[in-house]
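Not measured: the values here are computed from a predicted model. Chain letters run A, B, ... following the sequence lines, proteins first, then strands; residues in each count from 1.
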2 protein chains.
Amino acid sequence: MKQKKYNISVEATLEVIGGKWKCVILCHLTHGKKRTSELKRLMPNITQKMLTQQLRELEEDGIINRIIYNQVPPKVEYELSDYGRSLQGILDSLCAWGEIHIERVYGDKSEVLEESILNE
Amino acid sequence: MKQKKYNISVEATLEVIGGKWKCVILCHLTHGKKRTSELKRLMPNITQKMLTQQLRELEEDGIINRIIYNQVPPKVEYELSDYGRSLQGILDSLCAWGEIHIERVYGDKSEVLEESILNE
DNA sequence: TACTATAGGCACTTTAAAGTACCTATTAAG
DNA sequence: CTTAATAGGTACTTTAAAGTGCCTATAGTA
């Protein structure tokens, strides 16, 4: 546990949910438990490696739980932990702001949001 | 204006406030207008180049206003725009969560937050 | 027997983000 | 006539983030 020094508390938040994928993963998990393959399908552009890597880090930080079913082929589910759920409000706001921003910039969100997510 | 495709709306948000510095800059601006040199002092580890670059991008996205005073030596101030203020709630929550997280991980926040910011 | 599905490991490469170093302009003060 | 202060530009380099390709295990099915 290296003693980092932060100049402002938001830096600590960014260490946990920063980067290209973590917020996206977490936003999906706000809608409930998800299997690895479901997450992969929801994020067509993420690579297997990045998905696993980000999930590991979120688990290490206590944000998500990893649920392993003893089956073949393997089944693993991820869900927000209790602690992770303390981010729910932020995640919801981030998604909501994104929608507002898309409408502001592009007018019609259906032009920039993949259909797959429009009807969900 | 390239028509990006997002798989989830939060990706649009991250395009605007993602990266290492933007949230930090914006959090400082939630406390009011700041000169370039003030921002630099508040973020001892940011380089001149990154500061200017991030400020330019935030301005382009309509999040902040740049106020130029016709003086020598130059004086420039930055403030949240009306649109930027729609992020205020998110920014406050991100800071608040960071404090909670620091206390959870390190116990005492005075050990990881630079003194300069503790008494502000 | 070969192939599928699922979750993931690992070495290596690429790309994008960030950092470094050095440059500009202007005016006042010493 | 040199220096300080402020805000910023730009070419180049470094580093960290992300991506690619190929590998594993296992039980069931065609």
Options [options], nucleotide nearest the side-chain atoms of [X]:
| X | options | value |
| --- | --- | --- |
| A/Met50 | D/dA7, D/dA18, C/dT6 | D/dA18 |
| A/Pro73 | D/dA18, C/dT6, C/dG19 | C/dT6 |
| B/Lys49 | C/dG19, C/dG8, D/dA18 | C/dG19 |
| A/Thr36 | C/dA7, D/dG8, C/dA18 | C/dA7 |

Atom pair distance, as rounded to whole Å: [atom1] in [X] and [atom2] in [N]:
| X | N | atom1 | atom2 | answer |
| --- | --- | --- | --- | --- |
| A/Gln54 | D/dG19 | CD | C1' | 12 Å |
| A/Leu51 | D/dG19 | CG | P | 11 Å |
| A/Lys40 | D/dG19 | NZ | C1' | 12 Å |
| A/Gln71 | C/dG8 | CD | C1' | 16 Å |
| B/Leu14 | D/dA17 | CG | P | 16 Å |
| A/Glu15 | D/dA17 | CD | P | 10 Å |
| A/Arg66 | C/dT6 | CZ | P | 16 Å |
| B/Gln48 | D/dA5 | CD | P | 15 Å |

Look at the side-chain N and O atoms of [X] and state whether any lies under 4.0 Å from the OP1 or OP2 oxygen of [N].
| X | N | result |
| --- | --- | --- |
| A/Arg35 | C/dT6 | no |
| B/Tyr78 | D/dA7 | no |
| A/Arg56 | C/dA7 | no |
| B/Ser37 | D/dA7 | yes |
| B/Lys20 | D/dA17 | no |

(Q) Between B/Pro74 and A/Lys75, which residue's closest nucleotide on DNA chain C lies nearer the 5′ terminus? (A)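 Comparing both residues, the 5'-ward one is A/Lys75.
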How close do [X] and [Y] get, heavy atom to heavy atom, and via which atoms?
| X | Y | value |
| --- | --- | --- |
| A/Glu59 | A/Ile64 | N-CG1, 3.6 Å |
| B/Asn7 | A/Leu42 | CB-O, 4.3 Å |
| B/Cys23 | B/Leu94 | SG-CD1, 4.0 Å |

**Q.** Donor-acceptor pair between B/Glu15 and B/Tyr6 side chains, under 3.5 angstrom
**A.**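 Per modelled atom types, B/Glu15 and B/Tyr6 side chains form a pair under 3.5 Å.
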(Q) Does B/Gln53 reach a base, just sugar-phosphate, or nothing at all? Heavy atoms under 4.0 Å. (A) nothing
Q: Identify whether the distance between the nearest side-chain nitrogen and carboxylate oxygen of B/Glu79 and B/Arg66 falls below 4.0 Å.
A: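 A salt bridge is absent here (no side-chain N lies under 4.0 Å from a carboxylate O).
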